[in-house]
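Okay, so here's the structure we're looking at.
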Protein chains: 2
Amino acid sequence: MLSNASKYAVRAVLFLADKSDASTKYSAKAIGEELEIPVYFIAKLLQQLVKAGLVSSSKGPKGGFYLSEENLQNNACKILHEIDGEDVFSHCFMGLPRCGDKNPCPVHHIVSPFKDKLMAKFQKQSIKELSDEIDEKGMYLSLKDS
Amino acid sequence: MLSNASKYAVRAVLFLADKSDASTKYSAKAIGEELEIPVYFIAKLLQQLVKAGLVSSSKGPKGGFYLSEENLQNNACKILHEIDGEDVFSHCFMGLPRCGDKNPCPVHHIVSPFKDKLMAKFQKQSIKELSDEIDEKGMYLSLKDS
DNA sequence: ATAATAAAAGACTAATTAGTATTTTATATA
DNA sequence: TATATAAAATACTAATTAGTCTTTTATTAT
């Protein structure tokens, strides 16, 4: 459903949402190691997100990636769309072309409400709100030391 | 989540569950065209399932693929496992290593019940039962002519 | 100024998944 | 018994995804 790339990207962004700000930046190396993601890979992904205006960065010593206040107002869906393309969630789980409420595949009635719930998480909440919820409810972006 | 291969395979098997029996067989060509699946591809997949004992076949004129009464007693999960390997559903949706009830990723509480429901479909029901339900509830395996 | 740091850019390689084509073997039927 | 049919076996090619590496550019601090 999601590519490794977009999973990595979302985790990295949520990490930055929690830990970074304009004066506390993280290098690709630090992020990759913290989240157990290949360093060169997450570097490339974050650069792509910077280009798309979803993440902020600065070069040089004390540079790195971070989320600005504006970045925090975006929803997580934008990350997915930027990395995996616009139709990440639109394909039928069983691969049935033109599957829908009127012509459901055998698992449409299970998959459809699941997608709705995911959308509520990723689309209706801002990254800031999602990140706060992750903190409150004790969810994890990394289990490196657990 | 599922590969094209396993989606194709499940649809093909459910098609055979509905339409075939020991005296009514379908060629790979017929199945591929009916389900809008690349013919050579579904041929190869069905051959793999025959080898695994999940589908039956006979060669020559009037030959083709079909499901025997024994084949119908299997669950659909076996198809998925045969094609995509044993850990199709076990990976975390966000790619978090060691995600689980105790250490949930940000969408674990949404994904986990979804997986349970899918399991109930694919693991607890036989292919026969699933196929009957598809008939009853008017679900689709193909929308070729809709 | 210069050295060190870290992103940006871009060019790769590797692995996996998807799909196609060819040859061989078995079997029904004419 | 010859022919046509269709699976089985096998060997591919193509496309996508995953991951790595090198060079360049900008910036900070010494």
Side-chain angles (χ1 to χ4, degrees), chain A residues 1-9 11-12 16 20 22-68 71 80 82-85 87-88 91 95, chain B residues 1-9 11-12 16 20 22-68 71 80 82-85 87-88 91 95:
Chain A
M1 205 156 227
L2 301 183
S3 67
N4 280 5
S6 68
K7 293 174 187 175
Y8 291 160
R11 286 206 289 138
L16 290 175
S20 82
S23 61
T24 317
K25 299 159 191 168
Y26 288 83
S27 69
K29 187 158 177 287
I31 297 168
E33 286 171 358
E34 179 59 33
L35 301 183
E36 299 179 287
I37 295 171
V39 170
Y40 284 126
F41 199 0
I42 193 61
K44 210 173 49 171
L45 295 171
L46 287 168
Q47 284 159 22
Q48 186 180 347
L49 294 175
V50 169
K51 242 190 219 167
L54 300 171
V55 167
S56 303
S57 70
S58 66
K59 288 183 178 181
K62 306 279 168 187
F65 298 98
Y66 66 100
L67 293 201
S68 67
N71 295 150
L80 299 179
E82 178 59 34
I83 304 289
D84 277 355
D87 50 354
V88 213
H91 289 123
Chain B
M1 205 156 228
L2 300 184
S3 67
N4 280 4
S6 68
K7 292 174 186 175
Y8 291 161
R11 285 207 289 138
L16 290 174
S20 81
S23 60
T24 318
K25 298 159 192 168
Y26 288 83
S27 70
K29 186 157 177 288
I31 296 168
E33 286 171 358
E34 179 60 33
L35 301 183
E36 299 180 284
I37 296 172
V39 170
Y40 285 125
F41 200 0
I42 193 61
K44 210 173 49 171
L45 294 171
L46 286 168
Q47 284 159 22
Q48 186 180 346
L49 295 176
V50 169
K51 241 190 220 167
L54 300 171
V55 168
S56 303
S57 70
S58 65
K59 288 183 177 181
K62 306 280 168 186
F65 298 97
Y66 65 100
L67 293 201
S68 67
N71 296 150
L80 299 179
E82 178 58 34
I83 304 289
D84 277 354
D87 50 355
V88 214
H91 288 123

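Counting to the nearest Å, the P atom of D/dA18 and the NE2 atom of B/H91 are 13 Å from each other. In this structure, NZ of B/K29 is placed 15 Å from P of C/dT20, rounded to the nearest angstrom. Per the geometry, CD belonging to A/Q48 stands 13 Å off P belonging to D/dA18, to the nearest Å. Protein atom OH of B/Y66 is 16 Å distant from nucleotide atom P of D/dA6, rounded to whole Å. Whole-Å rounding puts the A/Y26 OH to C/dA7 C1' distance at 18 Å. Here the P atom of nucleotide C/dG19 and the CG atom of B/L45 are 10 Å apart, to the nearest Å. Distance B/L49 CG to D/dA9 P: 13 Å, rounded to the nearest Å.
Atom OG in A/S57 sits 8.0 Å away from atom CD in A/Q47 (nearest 0.5 Å). With values rounded to the nearest 0.5 angstrom, A/L80 atom CG is found 5.5 Å from A/S6 atom OG. In this structure, CG in B/L46 is found 13.5 Å from OH in B/Y66, a value given to the nearest 0.5 Å. Here the straight-line distance linking atom CD of A/E34 with atom OG of A/S27 works out to 11.5 Å at 0.5 Å rounding. Here A/M1 contributes atom CE and B/L2 contributes atom CG; the two are 9.0 Å apart, rounded to the nearest 0.5 Å.
When distances run from any side-chain atom of A/F65 to the nucleotides D/dA7, C/dA7, C/dT20, the shortest one goes to C/dA7. Nearest nucleotide to the A/Y40 side chain, out of D/dG19, D/dT22, D/dA7: D/dT22.
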Pair A/K25-A/K62, side-chain contact (heavy atoms from CB on, under 4.5 Å): steps then yes or no: CA-CA 7 Å; A/K25 299 159 191 168; A/K62 306 279 168 187; over 6 Å; no
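With respect to B/Y8, the side-chain contact (heavy atoms from CB on, under 4.5 Å) criterion is satisfied by exactly one of B/L35, B/I83, B/I42: B/I42.
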For nucleotides 11-18 of chain C, list the nitrogen or oxygen atoms of the protein found under 3.5 Å from its nitrogen or oxygen atoms, one pair per line.
residue: C/dA18; atom: OP1; partner: B/N4; partner atom: N; Å: 3.0

Filtered N/O pairs between nucleotides 26-30 of chain D and protein, under 3.5 Å:
residue: D/dA26; atom: O4'; partner: A/K59; partner atom: NZ; Å: 3.3

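Not one side-chain nitrogen or oxygen of A/S27 sits closer than 4.0 Å to the OP1 or OP2 atom of C/dT5.
Side chain A/Q47 to base C/dA8: a donor-acceptor pair is found below 3.5 Å.
Between B/N71 and B/S56, the shortest heavy-atom contact is OD1-OG, 2.6 Å.
Judged by distance alone, the side chain of A/T24 and the main-chain N or O of A/S20 form no donor-acceptor pair under 3.5 Å.
Counting non-hydrogen atoms under 4.0 angstrom, B/A28 reaches the backbone sugars and phosphates but no base. Nucleic acid contact for A/V39: none, since no nucleic acid atom lies under 4.0 Å from a heavy atom of the residue.
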